[in-house]
Amino acid sequence: MNKAPAPQPALARPLDFSFSSNRIAAAGMVGAVLLGRVVRGNWWQALGVGGAAFSAWAIARELDPDSPETANAALPVAAAAALIGEPGNPLAAFAALSGLRLIAGTTGEDATPVDHQGLLVQSALAAATGNRSAALLASAAPLLTPGSHSWLPALGVLMPRLWRDHAAGLTTVPAALLGLGAVALTPAFTAPEPVSSPCDRAPRTVKAQEVQRARQAAVVSLALGLGGGGVRGLVPLASAVLTVGLRRVRQGAVKP
């Protein structure tokens with residue numbers, strides 16, 4: 001008797017080096033790490049710069065699946081912000097990326113129990129490190145995705161804050177400016193747009209309404225982060241929203 005294939009996780013989306021954009025992302029991340037090492041003088045912060053750069057690229061790919069150029073642009077924007085203002089908390093970026101990937105449905109898979117558990121852990125870690133808006137994005141993602149509905153990840157946002165980002169002054173300026181600029185582009189960024197990219201593991205294209213929903217969720221998370229502190233952890237998200245929003249403005253997404 002033939003067994004049905006095991007469901008594939010919706011959050012797993014490894015790099016495919018047959019695509020030039022993926023090769024650019026890998027090279028850009030390595031370059032950001034090396035530049036961070038030169039500028040910051042230690043490998044720990046250098047890895048933070050590279051992580052912020054790559055996270056911005058990955059988030060932009062979820063928010064703009066038809067335009068790898070915007071992801072390629074988001075990478076250096078996030079790297080520059082991390083270099084000027086110091087790297088933020090990577091746990092916030094990972095939580096935001098996972099939540100947006102599920103909402104946008106770019107893999108074409110519904111979330112499995114393992115995915116729900118992963119979102120729960122990521123949401124809890126983001127909340128514990130003070131990035132409540134990123135935690136909310138990861139925890140709410142299954143509730144915004146009918147085929148992946150689950151309340152389990154929502155428990156993560158209840159995790160009390162165990163660590164506080166004490167950054168102040170000039171170190172928060174690049175993140176704040178990126179976030180404000182990105183939120184200002186909300187009308188163009190969230191306007192409906194057709195999508196033609198295929199899903200990674202499903203014989204269909206990515207659904208335009210799901211990408212639009214992911215963009216709306218990204219803006220809400222970013223706005224909450226700007227108002228609630230921990231803004232440095234949202235540099236990758238802000239960089240992605242900003243570059244996608246600028247592309248849509250250039251293409252006339254919102255007519256006067």
Item to complete: Taking all heavy atoms of T243 and all of T70, pick out the closest pair and write down the distance.
Response: OG1-O, 3.4 Å

Fill in: Atom pair CG/CZ of N72 and R61 - distance to nearest 0.5 Å
8.0 Å

Fill in: Heavy-atom donor-acceptor pair, H116 side chain to W151 backbone, under 3.5 Å
no

Practice prompt. Please check if the side chain of S197 supplies one atom and the backbone of P65 the other of a donor-acceptor pair under 3.5 Å.
Written response: yes

Discussion item. Less than 4.5 Å apart, side chain to side chain, heavy atoms only: is that true for L224 and R132?
Written reply: no

Practice prompt. Could you give me the CA-CA distance, side-chain angles and deciding distance for S239 and V235, then say whether side-chain contact (heavy atoms from CB on, under 4.5 Å) is met?
Written response: CA-CA 6 Å; S239 301; V235 162; 4.0 Å; yes

Discussion item. Show the nearest heavy-atom pair for residues A182 and A238, with the distance to one decimal.
Written reply: CB-O, 3.7 Å

Worksheet item: Is the backbone N or O of S148 less than 3.5 Å from a side-chain atom of T145, with the two atoms forming a donor-acceptor pair by type?
Response: no

Worksheet item: So which heavy atom on L152 is nearest to which on S150, and how close?
Response: N-OG, 3.2 Å

Practice prompt. Determine, for E69 against R247, whether the closest basic-nitrogen to carboxylate-oxygen distance falls under 4.0 angstrom.
Written response: no

Worksheet item: Should V211 and E193 count as side-chain neighbours, where that means a heavy-atom distance under 4.5 Å?
Response: no

Worksheet entry | Donor-acceptor contact below 3.5 Å, side chain S139 vs main chain A154 | no

Fill in: In one Ile/Leu/Val/Met/Phe/Trp/Tyr side-chain cluster, 4.5 Å: L226, V244
yes

Worksheet item: Hey, is the main chain of P236 close enough, under 3.5 Å, to the side chain of S55 for a donor-acceptor pair?
Response: no

Worksheet item: Between D64 and R248, is the closest basic N to carboxylate O distance under 4.0 Å?
Response: no

Discussion item. Apply side-chain contact (heavy atoms from CB on, under 4.5 Å) to residues L237 and L100 and explain how you reach the verdict.
Written reply: CA-CA 10 Å; L237 178 61; L100 292 172; 3.7 Å; yes

Worksheet item: Do L120 and L125 belong to the same hydrophobic cluster, where Ile, Leu, Val, Met, Phe, Trp and Tyr are linked whenever their side-chain heavy atoms lie under 4.5 Å apart, directly or via other members?
Response: no

Worksheet, complete the sentence: A135 and A127 have their tightest heavy-atom pair at CB-N, 3.7 Å

Worksheet item: Would L222 and W57 show up in the same hydrophobic cluster when neighbours are defined by side-chain heavy atoms closer than 4.5 Å?
Response: no

Item to complete: Answer yes or no: is there a side-chain heavy-atom contact under 4.5 Å between I103 and L137?
Response: yes

Worksheet item: Are any of the side-chain heavy atoms of L63 and F189 separated by less than 4.5 Å?
Response: yes

Discussion item. Between L185 and V249, is there a side-chain heavy-atom distance shorter than 4.5 Å?
Written reply: yes

Worksheet entry | Derivation of the side-chain contact (heavy atoms from CB on, under 4.5 Å) call for V38 and L34 | CA-CA 6 Å; V38 172; L34 295 177; 5.8 Å; no

Worksheet item: Hey, does P153 have a side-chain heavy atom less than 4.5 Å from the side chain of S123?
Response: no

Practice prompt. Would you confirm whether R37, through its side chain, and A46, through its main-chain N or O, come within 3.5 Å as a donor-acceptor pair?
Written response: no

Discussion item. Does either side chain, that of D16 or that of N22, offer a donor lying less than 3.5 Å from an acceptor on the other one?
Written reply: no

Fill in: Side-chain donor/acceptor of E62 to backbone N/O of L97, under 3.5 Å
no

Item to complete: Determine, stepwise, if the pair S98 / Q122 fulfils side chain to side chain donor-acceptor pair (under 3.5 Å).
Response: CA-CA 8 Å; S98 294; Q122 290 183 332; 2.7 Å; yes

Worksheet item: Any chain of hydrophobic side-chain contacts (each under 4.5 Å) joining V77 to L246?
Response: yes

Worksheet entry | Minimal non-hydrogen separation, M29 against L75, with atom names | N-CD1, 4.2 Å

Worksheet item: Counting only N and O atoms by type, is there a donor-acceptor contact under 3.5 Å from the side chain of N131 to the main-chain atoms of A134?
Response: no

Practice prompt. Quick one: pull up NZ in K207 and CZ in R213 and give me the separation to the nearest 0.5 Å.
Written response: 9.0 Å

Worksheet entry | Chi angles and distances behind the side chain to side chain donor-acceptor pair (under 3.5 Å) call for T107, D200 | CA-CA 5 Å; T107 64; D200 287 359; over 6 Å; no

Fill in: Check: P9 main-chain N/O paired with R201 side-chain donor or acceptor under 3.5 Å
yes

Worksheet item: Are side-chain heavy atoms of V195 and T205 found at a separation under 4.5 Å?
Response: no

Fill in: Sub-4.5 Å side-chain heavy-atom contact between L11 and L119
yes

Worksheet entry | Donor-acceptor pair, side chain of T186 and main chain of V183, under 3.5 angstrom | yes

Discussion item. With clusters defined by side-chain heavy atoms of hydrophobic residues (ILVMFWY) lying less than 4.5 Å apart, directly or transitively, does L136 cluster with V220?
Written reply: yes

Fill in: Residues R23, F19; criterion side-chain contact (heavy atoms from CB on, under 4.5 Å); working and verdict
CA-CA 7 Å; R23 297 194 296 271; F19 294 99; 5.8 Å; no

Discussion item. So which atom in A81 and which in L178 form the shortest heavy-atom distance, rounded to 0.1 Å?
Written reply: CB-CD1, 3.6 Å

